Amino acid sequence: MSVLVYIEADNNAVKKSSLEALTYAAKMNAGDVTALVTDKAENLEELGKYGVKTVLQVNDEKLSTRPVSAIASAIAGAAQKVGANAVVMSRSSTVDAAAPRVGVKMKATVASNVVALPQNENGFVVRRGVFTGKAFADTKLEGENKILTIAKNALAVDDSLSGSATVEAFVPEFGAKDFAIKVTDVKKQEGDILLPEADLVVSAGRGMKGPENWEMIENLANKLGAATACSKPVSDMDWRPHHEHVGQTGIKVAPSLYIAIGISGAIQHLAGVNSSKTIVVINKDSEAPFFKSADYGIVGDAFDVVPKLTEALEKAGI
Amino acid sequence: MNILVCICHVPDTTTKIKFTGTELDKNGVQFIIGPYDDYALARAVELKEASKGKLTVLNVGEADTEPTIRKALAIGADNAVRINAHPKDAYFVAEQIAAYAKDKNFDMILMGREASDYNGGQVHGMVAEMLDMPCIVPCMTLEVEGNTAKMGREIEGGKEYVECEMPFVAGCQEPIAEWKIPNMRGIMMARKKPLEVIEPTSQSAPTEVMAYQLPAERGNVKMIDADNMDELVRLLKEEAKVL
Ligand SMILES: Cc1cc2nc3c(=O)[nH]c(=O)nc-3n(C[C@H](O)[C@H](O)[C@H](O)COP(=O)(O)OP(=O)(O)OC[C@H]3O[C@@H](n4cnc5c(N)ncnc54)[C@H](O)[C@@H]3O)c2cc1C
């Protein structure tokens with residue numbers, strides 16, 4: 001038995017979410033942990049402290065845009081090479097797209113959006129987030145091979161193990177159609193903190209009245225070092241870009257702090273944010289449903305409260 | 001253009017989720033087309049109309065999903081197929097879709113990026129792998145030029161624009177198109193459109209839900225005076241420890 005973890009790196013450093021996947025794999029106690037990396041990355045020997053024995057490093061310029069089918073072939077090839085019967089990876093745009101392909105290639109059973117370590121008393125059972133955050137499903141996976149995609153923040157990174165990992169070069173075999181999708185352009189969003197990975201989020205809704213009033217939202221977000229988000233009607237009306245829309249039909253977020261301003265708290269909105277650790281609601285209507293799902297509530301006019309909050313943060317030296 | 005759209009039949013987004021044992025409590029629950037599938041369907045209707053093509057809608061489900069399928073016909077699909085089985089898991093559903101689509105010469109197979117009930121997000125990738133086709137997910141824009149599909153998707157830190165030759169599979173998300181609401185004429189016509197029922201070709205479903213859990217309730221909300229933001233900052237630092 002052994003576990004393969006596909007890890008991603010940005011700017012030569014392994015992503016935090018990938019370290020969570022390594023911790024998950026180590027804690028499964030299912031044999032040696034091998035990491036597979038296809039991005040440029042440095043200091044890979046240090047992954048030993050997360051329990052990694054061997055790192056397979058693919059050095060291929062064609063993989064720099066993370067083409068999904070080719071990444072899936074590399075993962076399935078690496079799993080075969082090391083005889084892994086479980087593949088663990090943290091959710092990302094690449095992993096979400098590649099996992100089902102790897103599942104079919106390896107004849108493995110796939111569980112996505114896993115939020116806790118497996119239970120082994122009664123078969124192999126993992127807890128998955130379902131109904132868009134409204135429930136969890138303890139799901140039994142049959143079969144020899146398993147693929148798990150892990151939700152962000154599902155467990156804390158543990159770097160307490162000792163030892164250094166051995167780094168080996170790996171050259172995967174690709175399928176004839178693995179590069180059938182051509183990337184024609186990539187538009188990076190510079191500067192801003194990215195919503196799906198943000199630890200603090202400032203979100204605003206229709207209560208802001210119009211796009212011209214977002215400056216105070218941005219000021220608050222800048223003060224905190226937070227990402228900005230919005231409710232669906234706000235992006236539907238083009239007050240804010242679509243990639244800020246959170247909720248059941250938008251991005252799901254799980255930051256440490258979610259501040260909701262002028263958002264009523266419709267069930268579809270809550271579905272995308274209720275995994276946040278702490279929720280603050282600012283709304284002028286004391287009956288707004290969002291208060292029922294909040295940890296801290298302020299009844300007041302956003303146009304008055306938000307600048308005051310920014311000021312208070314300033315005063316507190318944040 | 002010959003388009004297949006796969007739809008799931010899920011609880012309305014306002015549903016308060018409850019379970020009796022390992023079954024969703026369907027008492028009083030309204031069912032709808034999966035919201036992401038609904039975006040895929042809306043774009044498919046536009047592409048079909050522009051190309052004077054054909055649009056088939058497919059659902060793996062038991063007879064109770066037929067009102068949902070009729071709604072898709074009312075929105076603009078030409079014909080429908082229901083694969084008569086409880087959609088046991090993603091692999092099971094993907095096998096049915098792949099078996100059906102294999103010899104039908106679809107130019108594209110569209111569906112939502114995930115179902116809003118089980119949130120698996122696997123069916124598109126599995127179908128694509130089974131049929132050896134490229135797959136784009138989440139597909140947020142889709143244009144066709146000749147035999148080439150041009151698509152946009154969001155990745156970490158920005159947007160990626162890609163193209164591939166047809167046929168392909170895509171898991172769609174807004175803003176690919178706006179939801180379409182069926183009109184009276186659509187609803188009347190939908191009644192006469194063909195809805196073929198076929199039996200499943202395989203039975204394997206490698207996953208099984210053993211139990212459901214509801215998330216822990218949040219404690220009572222602590223109200224803070226609008227004139228005392230210093231207190232909020234203090235609580236966020238000292239009590240919640242998030243700053
Ligand atoms: C299938 C489906 C899917 C959906 N998916 C999503 C989704 O993913 N995400 C999402 O967000 N919505 C979604 N919705 C929409 C959802 O039902 C709500 O309509 C939406 O969330 C409301 O947005 P809002 O809170 O910004 O606006 P409103 O409901 O209009 O609320 C505005 C709030 O602002 C407050 N307010 C007004 N002025 C001020 C002020 N000066 N200061 C402070 N507070 C003020 C008001 O008291 C009110 O509570 C979906 C709906 C459907 C049907």
Side-chain angles (χ1 to χ4, degrees), chain A residues 69 92-93 96-97 100-101 103-105 109-113 125 129-132 134-143 177 180-189 194 196 242-243 248-249 256-257 267-268 277-278 291 293-300 304-305 308-309 312-313 316 318, chain B residues 13-14 17 19 35-36 90-91 116-126 128-130 132 134-137 150 153-165 174-175 206-215 218-219 221-224 226 229-230 232-233 235-237 240 242-243:
Chain A
S69 292
S92 70
S93 62
D96 283 355
R101 299 202 86 120
V104 172
K105 280 182 200 295
T109 305
V110 188
S112 52
N113 205 24
V125 178
V130 294
F131 290 97
T132 324
K134 294 181 197 169
F136 297 106
D138 292 341
T139 308
K140 183 165 163 177
L141 310 188
E142 304 289 351
K177 291 194 186 165
I181 296 173
K182 288 184 189 60
V183 176
T184 52
D185 196 9
V186 176
K187 290 211 170 74
K188 286 278 178 197
Q189 202 183 314
L194 301 167
H242 277 278
H243 62 249
Q248 179 138 20
T249 49
S256 306
L257 175 63
I267 190 162
Q268 298 96 348
K277 185 164 164 262
T278 300
F291 285 119
S293 306
D295 300 288
Y296 302 105
I298 297 106
V299 178
D304 173 45
V305 175
K308 278 191 191 150
L309 174 55
L313 287 163
I318 286 162
Chain B
T13 53
T14 57
I17 299 297
F19 299 97
Y36 294 113
Y91 186 83
S116 59
D117 49 4
Y118 291 98
N119 307 127
Q122 298 172 25
V123 173
H124 33 68
M126 287 181 172
E129 187 65 31
M130 289 168 184
D132 197 17
C135 178
I136 296 287
V137 61
K150 303 191 165 192
R153 67 174 197 134
E154 248 160 43
I155 55 172
E156 285 75 10
K159 292 201 176 72
E160 184 182 76
Y161 297 90
V162 299
E163 55 182 58
C164 70
E165 299 300 294
E174 70 151 358
T207 73
E208 186 189 353
V209 175
M210 310 305 287
Y212 286 103
Q213 315 286 337
L214 294 177
R218 249 167 230 281
V221 54
K222 205 173 254 185
M223 298 308 291
I224 294 148
M229 285 303 98
D230 294 335
L232 176 65
V233 171
L235 288 167
L236 291 177
K237 271 173 88 166
V242 291
L243 292 184

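We name chains A, B, ... by the order of the sequence lines, and we start the count at 1 in each one. Predicted, not measured: the structure shown is a model, and the values here were computed from it. Note: hydrogens, waters and symmetry copies are ignored here, and every other heavy atom, side chains too, is used.
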For A:P100 and B:Q122 the tightest heavy-atom approach is CB-O, 3.2 Å
Proximity breakdown for A:K277 and chain B, heavy-atom pairs closer than 4.5 Å | both
Nearest heavy-atom contact between A:S256 and B:V242 is O-CG1, 3.5 Å
Minimum heavy-atom distance B:V209-A:A137, with the two atoms named | CG1-CB, 4.0 Å
Considering all heavy atoms, the nearest B:T13-A:K134 contact = O-NZ, 3.1 Å
Side chains of A:T139 and B:E208 in contact at under 4.5 Å (non-hydrogen atoms) = no
Residue pair B:V162 / A:D185, side-chain heavy-atom distance below 4.5 Å | no
Just by distance, do the side chain of B:K222 and the backbone of A:G297 share a donor-acceptor pair under 3.5 Å?
-> no
Taking side chain as C-beta onward, heavy atoms only, is A:Q268 less than 4.5 Å from B:T14?
-> yes
Of the listed A:V125, A:N113, A:D96, A:L313, the one with the largest count of heavy-atom pairs under 4.5 Å with chain B is A:L313
Does some side-chain heavy atom of B:L232 sit less than 4.5 Å from a side-chain heavy atom of A:Y296?
-> yes
Give a yes or no on whether the backbone of A:T132 and the side-chain of B:N119 come within a donor-acceptor separation of less than 3.5 Å.
-> yes
Worked check of side chain to side chain donor-acceptor pair (under 3.5 Å) between B:E156 and A:S93 | CA-CA 7 Å; B:E156 285 75 10; A:S93 62; 2.7 Å; yes
Tell me, do B:V221 and A:D295 make a side-chain contact under 4.5 Å, heavy atoms counted?
-> no
Tell me, for A:I298 versus chain B, whether the close heavy atoms (under 4.5 Å) come from the side chain, the backbone, both or neither.
-> both
Drop me the distance from A:D138's CG to B:M210's CE, to the nearest 0.5 angstrom.
-> 9.0 Å
For the residue pair B:E174 and A:H242, establish whether any side-chain heavy-atom pair is separated by less than 4.5 Å.
-> yes
Closest non-hydrogen atom pair, A:K177 against B:D132 = NZ-O, 3.1 Å
Closest non-hydrogen atom pair, B:D230 against A:A312 = OD1-CB, 3.3 Å
Could you tell me whether the side chains of A:E142 and B:T207 share a donor-acceptor contact shorter than 3.5 Å?
-> no
Atom pair NZ/CE of A:K105 and B:M126 - distance to nearest 0.5 Å = 13.0 Å
CZ of A:F131 to OH of B:Y212: how many Å apart, nearest 0.5 Å?
-> 5.5 Å
Taking the side chain as every heavy atom from C-beta outward, state whether B:K159 and A:H243 have any atom pair closer than 4.5 Å.
-> yes
